[in-house]
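Since the structure comes first, as structure tokens, the remarks are kept for the end.
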Amino acid sequence: MKRKTRRHWLMKSEPDAFSIDDLERVGTEPWDGVRNYQARNFMRDGMQVGDRILFYHSNTKVPGIAGIATVASEAYPDETQFNAKSKYHDPKATREAPRWYLVDVAFERKLKRVIPLEEIKQHADQLGEEFALIRKGNRLSVFPVSAAQYDYLLSLE
DNA sequence: GCCAACGTTGGC
DNA sequence: GCCAACGTTGGC
């Protein structure tokens with residue numbers, strides 16, 4: 001059954017590998033290569049077409065939120081798991097029992113400026129200490145953001 | 001480039 | 001089922 005309300009998400013990408021500019025260029029991109037069960041479950045079980053995504057640049061000089069994207073497809077099996085030549089190949093995955101799922105992600109817009117992680121941390125009181133992005137040791141690359149957190153983060157733009 | 005944090009794997 | 005070893009993430 002479909003939910004009526006939209007959820008919000010944050011997805012990390014290393015800009016050297018795939019940046020918000022790359023997404024703008026291609027328009028829509030299958031979000032392949034996620035090999036973490038929790039992140040997979042969010043994509044497979046939580047996302048709906050039209051949900052908004054904060055596009056986060058990780059592992060770069062100024063990590064932070066760089067743009068907005070939307071969920072552009074239902075979840076479907078990540079093709080790279082079946083490809084022996086792919087670095088994302090998973091020998092234990094079969095077409096009958098795929099292990100990894102993804103959604104297509106569509107470009108919406110770049111932020112006027114990147115909102116740096118350093119700055120986001122200064123708003124921990126408003127975002128909540130449990131906010132996954134600023135929780136110590138968090139490495140999850142896909143996770144939900146509440147509507148309030150989403151609005152607050154964009155108010156920093 | 002370093003390394004803390006954390007998830008996964010596999011031997012037992 | 002425990003847990004050491006290993007690999008990866010990602011800030012700094």
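In what follows, chains carry the letters A, B, and so on, assigned in the order in which the sequence lines appear, proteins first and then strands, with residues in each chain numbered from 1.
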Separation of atom CG in A:Leu10 from atom C1' in C:dG10, rounded to whole Å: 14 Å
When you check the side-chain N and O atoms of A:Ser19 and A:Arg25, is any donor under 3.5 Å from an acceptor? no
In whole angstrom, give the distance that lies between atom CG of A:Asn138 and atom C1' of C:dG10. 10 Å
Side-chain contact check for A:Tyr37: nearest option of B:dA5, B:dT8, C:dG10 is B:dT8
Go through the side-chain N and O atoms of A:Asn83 and A:Tyr88 and say whether any donor and acceptor fall under 3.5 Å apart. no
Considering only heavy atoms and no angle criterion, is a donor-acceptor pair shorter than 3.5 Å present between the side chain of A:Arg35 and the base of C:dT8? no
State which of C:dG10, B:dG10, C:dG11 makes the closest approach to the side chain of A:Lys92. B:dG10
Please give, in whole Å, the distance from C:dG10 P to A:Met11 CE? 12 Å
Kindly assign one of parallel, tilted or perpendicular to the pair A:Tyr150 and A:His8, based on the angle between their ring planes and the thresholds 30° and 60°. tilted
Name the residue closer to the 5' end of DNA chain C, choosing between A:Arg139 and A:Asn59 according to the nucleotide with the nearest heavy atom. A:Arg139
Describe the nucleic acid contact of A:Lys121 in one word from base, sugar-phosphate, nothing, applying a heavy-atom distance below 4.0 Å. sugar-phosphate
For A:Arg99 and for A:Gly137, locate the closest nucleotide of DNA chain B by heavy-atom distance; then report the residue assigned to the nucleotide nearer the 5' terminus. A:Gly137
Rounded distance in Å - OH (A:Tyr88) to C1' (C:dT9): 12 Å
If you compare every side-chain N and O of A:Lys12 against the phosphate oxygens of C:dG10 (OP1, OP2), does one of them come in below 4.0 Å? yes
Can you check the A:Arg135 CZ to C:dG10 P distance for me, whole Å? 13 Å
Please give me the minimum heavy-atom distance between A:Ile20 and A:His57, naming the atom from each residue. N-NE2, 3.1 Å
Nearest listed nucleotide, side chain of A:Pro63, among B:dA5, C:dG11, B:dG10: C:dG11
Under 4.0 angstrom between A:Lys136 side-chain N/O and B:dA4 OP1 or OP2: no
note: A:Lys87, atom NZ; C:dG7, atom P; distance rounded to Å ~ 17 Å
Would you please say whether a donor-acceptor pair under 3.5 Å links the side chains of A:Trp100 and A:Asp90? yes
A:Glu14 CD to C:dG10 P, straight-line distance once rounded to whole Å: 7 Å
Report the distance from atom CZ of A:Phe143 to atom C1' of C:dG10, rounded to the nearest whole Å. 13 Å
